[in-house]
Every structure is written in structure tokens, then in C-alpha cells.
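Since the structure comes first, as C-alpha cells, the remarks are kept for the end.
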Amino acid sequence: MAANGAQDSFSPSDVLAAVMTMRSGEQDAKKKAHAYLESFQKSKTSWATIIGILQSKAEPEATLFAAITLRGKITYDLSTQVTADELPALRTQILMLLKEFAVGPKPIRVQLCVCLAILAIQMKDWNDVLPSVVQSLSDSPESHACILDFLRVLPEEVTEGRKITLSEDDLADRSKVLLADNTDRVVQLLINYSQSSSAAAHNPQLMECITSWLREVPVGSIINSPLLDVVFNGVTADECSQEASECLCVMIRETRDVDESQANIQVLFPRVVALQARIAAVAEEEDTEALKALTKVLATAAESWSVAIARQPSHFRPLVEAVLECAARDKDQDVIEHTFLFWYELKQYLVLERYIQSRLELVDVYSKLVDILLKHLRYPRPDSGNEADLFDGDREQEEKFREFRHQMGDTLKDSCEVMGVTECLTKVLNAIQVWMQNNASQVSDTNVPNWQELEAPLFAMRALGRIVDQDEDIVLPQLMPLLVQIPNHEKLKFATIMVLGRYTEWTAVHPEYLEPQFNYIVNSFQADSKEIVRAAALAIKFFCTDCRNLLSGQVLQLQTFYDQVLDKLPTQSREEVTDGVSSVVAVQPADQVYALLKTYCDPLIQRLMTMANQATDKESKIAMAEHLQLITIFVQNVTPAVNLGEANPAVKYWQEVFPILSTILENFLDFSPICERICRCWRNMIVSYRTAMAPLLPDMANKLASGFAASREGCFLWVTGTILREFSEDRDNVDQATTEHIYSFFEAQATAFLRVMTELQPADLPDAIDDFFRLMIDALLYYPQKLIPSTLQVPIFEAAIYALTLEQRDPLVSTLHYVRDLLSYGSNNPASSEGLPEPAAQQIKVIILNMLQSHGMGLVKQVMAGMMLTFPRDCFADGSGVLLALFEMVPGQTAEWVAQTIQLLPEGTVNPPEANRLMTKIKERLSTDDASNLRHVRVLLQDFTNSYRRRNVAPRDGLGQLEARRFQFSG
């Protein structure tokens, strides 16, 4: 195999060898093979090799790779690598290959059908596609599979036609010729085929074909044809039940507009409801797939017609009850999830005042649904009898069950909204009371019988927490005393804690229930279970946040508890408990805040200094960074209200702490997480205390400047941006001298960054670039009159163009946003919300336009290169937004810059007619003053760059499959 993937010719033997290497070679060999095959897939000379492999007796895996590659070439390379005169011969070759692979393997046959479909879209003079394909392939029964595959993929490929280099008008024309003009012919073809034999009527391919054409064929044409019987019979046939069910679901979804689809619904409704008769049978046979297929059909019908159900609940009730039966008979919890969307959609109507009568008629259904959900919420009883492993080691099944429960929790809330909170909570209360009556006497320290039946209603109560009003005073007063008596079992205790944490807002207005609940949570920190301790930490956060005024008298006792448990907790739990206790500190009188911060935070600072003295490895340094977050939480939450001119007691405390944080920062400038956490802490000081931080600003500015110079970490720029915002000229209580000093500090930081940019490649400091251009966005917003005319502006703009060579999303987004904001000052809609005085606005506009004269070509070149080659997809909109801004300001020059950029593209990657067509359309749009034309120009450029990227940059299909797995082939 040739090592150089950029060669001009590829022999079949080398390609086949590379395919085999991808399947089983060593890693280095695979990389070389991957590069070789990627080059092969895009090469102009690979067509003959691909056809040769398909005509040979190569292994199916290699043949499938060739078929997938051919599909990619017809999609992306046809317009640049194949002349119009060669297209008929290519069509003939594909038809011959389809005959060859008519009996399989199916994956190859399907890929060849896709190739033919994509070719048909692009051969604009081929207007008898369906008749000619059917005629070419219908000379043997074996070819029927080819015809069905082709019929199935054709609508799908036309829908995906934007991948192909065709204009919107051409694509619309081809869609009409290939699809709209053939609907009657296709329906008759499918009817004829379905009536040819019983096997044909149950062929899964037939069902898939009908499904595909439902995109184009009016649904009534199928419903009022013999195909409807074929589909319904298929739902109950073992050979094609899944495909037929999907087909019927698509058909039903086409009748969502119930007013326009009344005639079709009248035909479908009785036949859909008749499927209910099969539910019991398939459930008893434990045929999960059949039950799932039935459930999908019934639930899709109920969901699609939900407004009709709300209007005529008596008429449609059999359908609702059929869906409910599917949910009830789901033993393995594989089916009920398909009903969830229906219960939600119907609820959305039933809670409206106009449907109150329907709600009354259907409330019993939702009541039964709650009973079903309470059973499904129960943890399983393990086959092994090992209560410590409820899923017998199947972690995937355990995770699936957890996710499933939360989905059921949403459906419980839907039911509660229909039934009413009191009625729904009463079911939870009854379930708990029944369990206690039946099992309380058998509970011991080591045994809690049937605990699953108690845990389920606890989980349900937790799920309902968000929709229970704070003034509910019928059921919750009965439930809350029961909760703190729940037996000591890990799952039950965890569930109870989570419930108590969810209802803290209710407890805040029912203070008589606070003490036993809070004591229950505090005592839970002594548990051996990590899950329980984590739940207790989260609950403490909610109790302290929502009941902070009730707990304010215990602020000192809370500190003792906080200090005792802190070191025993995992990181997230430490932050949650800190969030809670700091919320209680935050509601204390301002004259007590300083002392309380010392009481709470001095131990934290002492721990921090001890950690700093012992931090020698990465793990201990990470622990330091995590501990710093606890201090930041106090900064975020403890913000005492003080009168103007009074000293802020919180700032007084942080002034004492600042030198310690500064020293730690200096000692760990080489460790990013610590730098980031200290900068985050300082940034939150600025946000929390704003102008009260003025006494700390000089020292903070010095530390930020020296920190960035030494570390080149973007977090120092991040804090600078916050200071710039909070102390800008338009802020109240900020004197002019302070503003000037801060702007000078900003200029120094910007200069330092630009110096770094001259020494390194953008790829060496992506995070710093991200933070720098976020800083520039703030500077443009608050100080445009100072920044844009300054000597810094051009170097910053040059740095932005340079930064656009990056391939990471975040720094690119920040840079592009900066460029867009900057360019806005060259238009009549500057980014500054305050606006500028007219003379200054005109001066700035001239500066921007002059800068574009020297740098516009470079900007266009880099943005287009990014959109065609390197930008992540998330950056395309901002990239085209930059081009749009340029077209708004200097349309003629921008068009010329775009043309020059296209001329720089490698030969063969864009054919001249395509480039000429683009520039002609752009100039046509620019020739009038219609504002919408600029948006069309943006769309033209997006389509062009997307097409170029797909053809020349994006990996083609096939390689990933080769590397990941062996293909499975069937006829």
C-alpha cells in the first residue's frame, strides 16, 4: 500500500488491503490505512476502482465499503468530477450492479439503491425515473427487493437533497418530477405488489416503502385503498409487525389536524380500537415486542387525536382505556413509556376551563393510571434474593430503571394536575398507611419486609413536590409525621430524606413541622451509607435556604454542626451544605455579619492554609481548589444590605482574607485549577459587593496583572472584565478617577495579552483567547469611545483574525462575537445599548471602515476558511453573521474579497461554473436595495461553504464502520 494518501491513482488491490487493515491491523497501520482510504474516497480517479471492486468477487465487507464510497462520490463529487456526457453510463453501471446484488447482501443492495436515487436527483434530464428503473429491474422476481428498496429510499434522499450541489429551485423541480408526479403510480405499484402473494403482503420492505411514501402521498390515498388492510393485517403478523406498526403510526400522525382529517379518523378509529382485543393475549404470551407494537399504535393514535378526545371523551374513551390497559399489562416496564406523551398531551387540554366536563369524565382514568404507576415505581425483587444487589449485577438495567422512574414521576405530575393534589396525595398516604398496617409489626433492625411497597409511594410523593402548593393543609399534615417514623432501611431513609428536602418550601410556612424534620436530616449524617449522607447534604441545603429565617436563631449551633461534618463529606455535598449554612448567615442583621463570617470562614481559611503547606501532588492541589469553592459560596450568598456610604461588614472580612488568598495564588501560579478558583472568588466579590470593593481594587488589579503575566491564564482576564463592567462610567456611585484607573488597568492587561499572542500560536492558549475576547466584548460595550480610536484597536483586530485559525468552539465563539460587535460600530446599529453622541458615532464609523480597507480581505479569507475547513458547526452562524455585517457596510468590496478567497481554493475542489454561479447570484442580490437580499446572500454563502466542507473536508461514510465493527450481511 502506498504510504502517501495524496496520490492520483488507486489500485483495487491496495484499496482492498487497506480495508482489511482497518478491520484487523495494528493501530499505526490502521491510521495509515484510514488516511489512504479517506484520500481514495475523495479522489477524482477513484470512480473506476470503486466500480471494479463492486464488479469483483471481493469480500462483502470490502464491497459494502465500495458501495458506501460510491454513494458519497455521487452525493458530493458528481458535479466536479463527472461530465454530463458520462452520467448515462454511470446510471447503466449502477443498474447492472443492482441486478447483480438483487439477492443480497441487503446492505450493499440498499447502498446501490441510494446511489441510484441520488444520481436521479442530479440528472435533470432524466424524467422517467420510476418507469425506467422498474422496467430495468422487473425482469426477475429476485429484483422485486431492489425495486422496493429504491422506492423506499427515493423520498428519503430527495428530502436530504440539500447535501447535493443543487440550487433550491432545481431541487424543488426534481422533487416534483421524482415524487409529486409519481404518487398515483407508486400507490398502484404497491397495491399490485401486495396482491401478488401472501408473502408479498407481509413483506417488511413493503411496509417500509409505504411509510417512506407517506411523506408525499396524501394519507387518504392509502387509507382509502387496499393498502390499509395490508398494513392492519401486518400489525398482527409475526413477519412484519414492527414495520407495519411503524407505518400505521406514521399514517396516524398525518391525521393530527383532527378538523381537516375527520373522514380519515372515522375510518381509522374503529380499526385502531379493535386492536385492543389482542392486548391480553400478547401480554399472557409475554410477547413484549408484540405488546410494544400495539402500544405504540394505540398511544400514537390517542396522542394524535388528543384534542378530539378532549372534545368527545365518551366517543373516544375506548381508545383511552386501551392505552391504559397497555400500561397495566406491562410486566417488564418496556412498554408503558410509550404512553407517557399521550397522558401529557391529553392533560394539557383537560386542565383548561373549557374542557372541565371532559376532565370530570376522564378523571377516573387518571386515577387508575396513578395506581398503575405506583406499582411500576417499585424496585424489583432480585432473582438471587440478594437485597444488596437488586438488579443482580446488571448496572445498565439499574440505570435504565432510575431514568424510567423519573419519567414516571413526570406522568404522575400530569395525573395530579387532572385529579387534583389532594386526591393524588391521598393515594400516596393510603399506600403508606396500608404498608404500615400490614408490615409495621414485622419490622426489625435487620429486616423491613416488602420495603419496595413503601419506597414507591415515597418516591411518588417526592415527584409530586413541585406541584403541591405551600398552603396544602389536608394530606401533608397527616403525611409529614409519618415520614420521620419510616423504618431504618437504606432505600427508605434515602427516599424519606429526598422527600423532606423537596417539601422545604411547604415546611417554611408550616414551622410546627420543622424541628422533627430538621433533626431527622441532621441525624442522618451519622449513617454509614454514602448515598444517605449525600441526600442529607442536599436536604440541608434546601432546609437552610427555604427555612433560613426560621433557622436564624440557630446560626451558631449550625456552625458547630457544619464544622463537625464538613471533612466527612464528598466535594459536592460540602458545597451543598455550605450553600445552606451561608444562606442562614445571609439573613442575619448586618451588624452581626462580620463576626459570623469570622466564625464560619476562619476555620475554612485555616484548613486552606494547612492544605497549602502540604500540597505537593496534583491530588492535594485539586483538593485545595475544591476547598476554595466553599469560600466563594460565602462570598456569593452573604451580601448584607448597607446604606450608602456605610462600610460593608462582609467586605471588611474579605479584606482580611485577601492577603492570604494572594499568597496562595502566588505560590500556585503554575496550577490552573487553583488560579481559576481564586479568580472566581475575586470575581464574585466584585459581583456581590460592587462599588463597596473599591478599597480592594488597587491590590486586586496588581495581583491580576502580575498573575496573567506570570501564568498566561485566561481567568485573570475574566476577572478584569468583571471589574470593567461593574466600575464602568455608566454605573452609579463610581467616580471618574476610579473609572480612569480601571480603564488604564484594562489597557495594560490587553497589551500584555497581545504580547503573549506574538510569542505563541493560538492553539497554545485557547482558554486565554476565549477570556480575552469576552473581555473585549465588555470593553466595546462600556468604553467604545476610548477603545476603538486607541492604538490598541488594530492590533486587537489583527489578533482576532489570527485567533480565527483555531478549531475549538468556545474561543471561536468569543472571537466572532467580538468581531460582530466591533463591526456593528461601522453600521447604524452599534452594540452599545446606550448609543453614542452623533459626532463620536460618525468618527468611530470612519475608523471601522478605514480599518476594513486594510484588513477586510484577511477577515473574509479567515472566516470563509473557517466555515469551509475548520470551524465547529456551532460557529457557522456567527461566521456568516460576520460576512453579513461586511456586506451591509461595504457590499461591493466584500463581494470582491469573497471572489478572491474562492480563487485561492485548491484546484479541483470547486468547479468554475459553481463559483461563477455563486458570485453571479451574490451580485444579483446586491444590485437592489431590498433588505431581504442581504439575508439571501448570507444563505448563499452558508450553502456554498457547507457544500464545500461536505465534499472536501468532512469524513465520508464507511471508514467509521470499518473500524468499529464487522458488518452483518443478510439477503
In short, Ala58 meets Thr63 closest at the heavy-atom pair O-OG1, 3.4 Å

Is the shortest heavy-atom distance from the side chain of Glu156 to the side chain of Val114 under 4.5 Å? no

Report the C-alpha distance between Asn224 and Asn264 in whole Å, list the side-chain angles of each, state the deciding distance to 0.1 Å, and finish with yes or no for side chain to side chain contact (heavy atoms under 4.5 Å, CB included). CA-CA 8 Å; Asn224 297 308; Asn264 291 329; 4.3 Å; yes

Are Thr295 and Val323 packed together at the side-chain level, in the sense that at least one heavy-atom pair is separated by less than 4.5 angstrom? no

Give every residue pair that meets the side chain to side chain donor-acceptor pair (under 3.5 Å) criterion with at least one member in residues 306-326, sequence neighbours excluded. Asp259-Arg311, Gln276-Glu325, Ser314-Glu361, Arg317-Glu321, Arg317-Asp364, Glu325-Arg329

When you check the gap from the basic side-chain N to the acidic O, do Arg381 and Glu453 get nearer than 4.0 Å? yes

Can a donor-acceptor pair be found, under 3.5 Å and without considering hydrogens, that links the side chain of Ser261 to the backbone of Val258? no

I'd like to know if the side chain of Lys375 and the backbone of Ala456 have a donor-acceptor N/O pair within less than 3.5 Å. no

Quick one: do Val82 and Ile74 satisfy side chain to side chain contact (heavy atoms under 4.5 Å, CB included)? Show the steps, please. CA-CA 9 Å; Val82 180; Ile74 296 174; over 6 Å; no

Beyond-backbone contact of Ile336 with Ile372, side-chain heavy atoms, under 4.5 angstrom: yes

For Thr211, is there any backbone N or O sitting under 3.5 Å from a side-chain donor or acceptor partner on Glu243? no

Do the charged groups of Lys176 and Asp181 touch, with an N to O distance under 4.0 Å? yes

Polar side-chain atom of Gln205 near backbone of Arg152 as donor-acceptor pair, under 3.5 Å: no

Looking at CD of Glu208 and CG of Leu151, how far apart are the two atoms once the value is rounded to the nearest 0.5 Å? 12.5 Å

Measuring only between side-chain heavy atoms, which start at C-beta, is Cys249 closer than 4.5 Å to Val297? yes

Strictly by side chain to side chain donor-acceptor pair (under 3.5 Å), give each pair with a member in residues 335-346 just once, sequence neighbours left out. Thr339-Trp343, Tyr344-Gln348

Which atom pair, heavy atoms only, marks the closest approach of Ala290 to Gln242? N-NE2, 4.4 Å

Is it true that Lys292 and Asp334 have a side-chain N and a carboxylate O under 4.0 angstrom from each other? no

Could you state the interatomic distance from CD1 (Ile252) to NZ (Lys296), rounded to the nearest 0.5 Å? 13.0 Å

I want to check something: taking the side chain as every heavy atom from C-beta on, are Thr300 and Val250 in contact at a cut-off of under 4.5 Å? no

State, without any angle test, whether Arg174 and Asn127 hold a side-chain donor-acceptor pair at a distance under 3.5 Å. yes

Residue pair Asn192 / Gln188, side-chain donor-acceptor N/O under 3.5 Å: yes

Which atoms form the tightest heavy-atom contact between Leu298 and Ile279, and what is the distance? CD1-CD1, 3.7 Å

Look only at the side chain of Asp957 and the backbone of Ile68, and say whether a donor-acceptor pair between them is shorter than 3.5 Å. no

Locate the shortest heavy-atom distance separating Gln452 from Tyr379; write the atom from each residue and the value. CG-O, 3.2 Å

Donor-acceptor pair, side chain of Lys99 and main chain of Leu137, under 3.5 angstrom: no

If you count heavy atoms of other groups shown closer than 6.0 angstrom to CG of Asp128, is the number above 12? yes

Kindly say whether Ser132 contributes a backbone atom to a donor-acceptor pair with the side chain of Ser136 at under 3.5 angstrom? yes

Rounded to the nearest 0.5 Å, the CG atom of Asp149 sits from the CZ atom of Arg109 at a distance of 4.5 Å

Check: Leu16 and Met20 side chains under 4.5 Å, non-hydrogen atoms: no

Checking Thr255 against Trp305 for the side chain to side chain donor-acceptor pair (under 3.5 Å) test, could you report, in this order, the C-alpha distance in whole Å, the side-chain angles of both residues, the deciding distance, and whether it holds? CA-CA 8 Å; Thr255 65; Trp305 305 333; 2.8 Å; yes

So, for Ala463 and Gly409, which heavy atoms are closest and what is the spacing to 0.1 Å? CB-CA, 3.7 Å

Would you say the ring centers of Phe401 and His376 fall short of 6.0 Å from each other? no

Taking side chain as C-beta onward, heavy atoms only, is Trp213 less than 4.5 Å from Leu154? yes

Rounded to the nearest 0.5 Å, how far apart are SG of Cys209 and CG of Leu214? 10.5 Å

Less than 4.0 Å between a side-chain N and a carboxylate O, is that true for Glu403 and Lys400? no

Has the side chain of Arg71 got a donor or acceptor atom that lies under 3.5 Å from a matching backbone atom of Cys115? no

Please assess Phe65 against Gln111 for the test side chain to side chain contact (heavy atoms under 4.5 Å, CB included), listing each intermediate value before the final yes or no. CA-CA 10 Å; Phe65 171 74; Gln111 289 299 323; over 6 Å; no

Just do the side chain to side chain contact (heavy atoms under 4.5 Å, CB included) check on Ser225 and Ile191 with the steps written out, would you? CA-CA 8 Å; Ser225 78; Ile191 292 172; 4.1 Å; yes

Heavy-atom closest pair (Pro12 atom, Ile53 atom, distance to 0.1 Å) is CB-CG1, 4.4 Å

Can you tell me if Arg950 uses its side chain to pair, donor with acceptor, with the backbone of Arg956 under 3.5 Å? no

Within the distance-only criterion (no hydrogens, no angle test), does the side chain of Ser46 pair as donor or acceptor with the backbone N or O of Lys42 below 3.5 angstrom? no

State which residue, out of Leu190, Ile222, Leu206, fulfils the side chain to side chain contact (heavy atoms under 4.5 Å, CB included) condition with Val230. Leu206

N-O pairing of Asp371 and Lys368 below 4.0 Å: no

Any Leu98 side-chain heavy atom under 4.5 Å of Phe150 side chain: no

Please report the interatomic distance CH2(Trp47) to CD1(Ile51), rounded to the nearest 0.5 Å. 8.0 Å

Nearest 0.5 Å, what's the CD-CZ distance between Gln262 and Phe269? 13.5 Å

